[in-house]
Amino acid sequence: MKKLVIIGANDFQNQLILKAKALGYETHVFAWEDGAVGKYTADFFYPVSIVEKDEILEKCREIKPSGVCSIGSDLASVTVNYVSEKLGLSCNPTRFTAMQTNKAEMRKAFLNGGVSCPKFIKTGEDFDESLIADFTFPVIVKPTDRSGSRGIMKLDSVDGIADAVRIACGYSFEKKAVVEEFIEGDEYSMETISFNGRHSFLAATKKFTTGAPHFIETGHREPSGLPDDVLERAKDEVFRALDALNVRNSAGHSEFKVDERGNIRIIEIGARMGGDCIGSDLVYLSTGNDFMKMVIDVACGNAPEISEKPDSRAAEIRFLFTLEDVERMKAIPENRLYRVSDIDYSNLGNITDSSTRLGYYIITE
């Protein structure tokens, strides 16, 4: 039986485990045991932290998998590439890992590749206001190496910026933050798959957030509603950004903004599938393309199967923040509800980032 190693076992990664098993793979899953839903669905589960790259590698030498993969996690993708490269499997080369997972290094790569990028600096807790003396406000402060809206703050002046940097550094694994000029416009993401350096467009997604100061995602919708000409220019810009980051064999989740004049500015790119069920569910529901199977295929060195004439159906995920959100969900006709998550009321009134939302539901039309 073909063997697949999966890094991570939370509820989101569990969808990848189930997909791999449905495709006939024997699944070997590595993750922290706490919250590891995949512990019960994997064929073999190893309670090893996903950051223990060498311990995972040694076990994988025994397993001899066809591929190593994960979805929706920058942290997991570091281990995926490290282990895959050591085993001679398909992956993004590890010498480019920093620019693909660190927002400061990513922006440097964008500048070197001629890709649109806001003015920025990288700093630690020793931040000095003189570093942004020539910046135009507002600015965004964010950790260099985290996702899920953790530690993000928008500021309209220097007031409070030192505290924002301190908070962002506290969330960061490397204890660093990026301060950058705020990009105006509506926010979108582009979902792609790359194989042997060739990028393929799968879908564009409209993003909805709480707005300033923390920009926590409240929902995502496909199709994005972007005009065809803007979408084509966005594809060109995203593909150039993927090249600048040397993304060769992986999913891609590229966040960008479009202003009122149709100008496209890249925010950041994950060399992995988008979280929030964008890659695992919305792409398939809206286009018919099986994104998770593509991730597995690419990890195993096989060309992904992409429809030349994808479907174009409406699919949307909405996140629950309040009791009113829950009541609105209950009013939606059952035939439109594709999935409803468990609802965790423990964070009611205290939602600070994507990980503390109450739950979600996915609707189709």
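Side chains included, hydrogens not; waters and symmetry mates left out as well; all remaining heavy atoms used. For reference, positions follow the sequence shown, starting with 1.
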I'd like to know if Lys175 and Glu125 make a salt bridge, using a cut-off of under 4.0 Å between side-chain N and carboxylate O. no

Does atom NZ of Lys86 have more than 12 heavy-atom neighbours from other groups under 6.0 Å away? no

With a 4.5 Å cut-off on side-chain heavy atoms, are Thr205 and Ile278 touching? yes

Supply the members, apart from Ile132, of the Ile/Leu/Val/Met/Phe/Trp/Tyr cluster built from side-chain contacts under 4.5 Å; use none for a lone residue. Ile121, Phe127, Leu131, Phe135, Phe137, Val139, Val141, Met153, Leu155, Val158, Ile161, Val165, Val179

Among residues at least two apart in sequence or on other chains, which ones pass side chain to side chain donor-acceptor pair (under 3.5 Å) with Asn289? none

With sequence neighbours excluded, what pairs up with Lys108 under the side chain to side chain donor-acceptor pair (under 3.5 Å) test? Glu105

By side chain to side chain donor-acceptor pair (under 3.5 Å), which residues pair with Thr356, not counting sequence neighbours? none

Are Phe215 and Phe182 near enough that their ring centres are under 6.0 Å apart? yes

Give a yes or no on whether Asp342 atom CG has more than 12 heavy-atom contacts from other residues, nucleotides or ligands under 6.0 Å away. no

Give a yes or no answer on whether the side chain of Arg357 reaches the backbone of Ser354 with a donor-acceptor pair at less than 3.5 Å. yes

Per-pair distances, 0.1 Å, donor-acceptor, side chain in residues 89-98, under 3.5 Å, sequence neighbours excluded:
{"unit_1": "Ser90", "atom_1": "OG", "unit_2": "Val298", "atom_2": "O", "d": "2.7"}
{"unit_1": "Asn92", "atom_1": "OD1", "unit_2": "Arg248", "atom_2": "N", "d": "2.7"}
{"unit_1": "Asn92", "atom_1": "OD1", "unit_2": "Asn249", "atom_2": "N", "d": "2.8"}
{"unit_1": "Asn92", "atom_1": "ND2", "unit_2": "Ser250", "atom_2": "OG", "d": "2.9"}
{"unit_1": "Thr94", "atom_1": "OG1", "unit_2": "Glu85", "atom_2": "OE1", "d": "2.5"}
{"unit_1": "Thr97", "atom_1": "OG1", "unit_2": "Thr94", "atom_2": "O", "d": "3.1"}

Which residues pass the salt bridge (charged side-chain N to carboxylate O under 4.0 Å, His left out) test with Glu365, not counting sequence neighbours? Arg336

When you measure from the side chain of Asn10 to the backbone of Phe12, do you find a donor-acceptor pair of N or O atoms at a distance under 3.5 Å? yes

Report the residues that fulfil salt bridge (charged side-chain N to carboxylate O under 4.0 Å, His left out) with Arg328, sequence neighbours left out, ordered by chain and then residue number. Asp325

When hydrophobic residues are tied together by side-chain contacts of less than 4.5 Å, even through go-betweens, does Ile6 share a cluster with Leu75? no

Set of residues satisfying salt bridge (charged side-chain N to carboxylate O under 4.0 Å, His left out) with respect to Lys142, sequence neighbours excluded: Glu180, Glu268

So, are Lys119 and Asp134 salt-bridged, with charged N and O less than 4.0 Å apart? yes

When clusters are formed from ILVMFWY side-chain contacts under 4.5 Å, directly or step by step, what else is grouped with Ile167? Tyr171

Determine whether more than 12 heavy atoms belonging to other residues, nucleotides or ligands lie under 6.0 Å from atom CG of Asn335. yes

According to salt bridge (charged side-chain N to carboxylate O under 4.0 Å, His left out), who are the partners of Arg240, at least two apart in sequence or on a separate chain? Glu237

Using a 6.0 Å cut-off, check whether atom CG of Asp228 has over 12 heavy atoms from anything other than its own residue. no

Pairwise salt bridge (Lys or Arg N to Asp or Glu O under 4.0 Å) hits with a residue in residues 286-295, at least two apart: Lys19-Asp290, Lys293-Asp297, Lys293-Glu305

Look at the rings of Phe239 and His199 and say which category their plane angle falls in: under 30° parallel, 30 to 60° tilted, over 60° perpendicular. tilted

Hits for side chain to side chain contact (heavy atoms under 4.5 Å, CB included) against Glu174, two or more places apart or cross-chain, chain-then-number order -> Asn102, Lys122, Thr144, Asp145, Ser172, Lys176

Could you tell me which non-hydrogen atom of Val80 sits nearest to which non-hydrogen atom of Ser84, and how far apart they are? O-OG, 2.7 Å

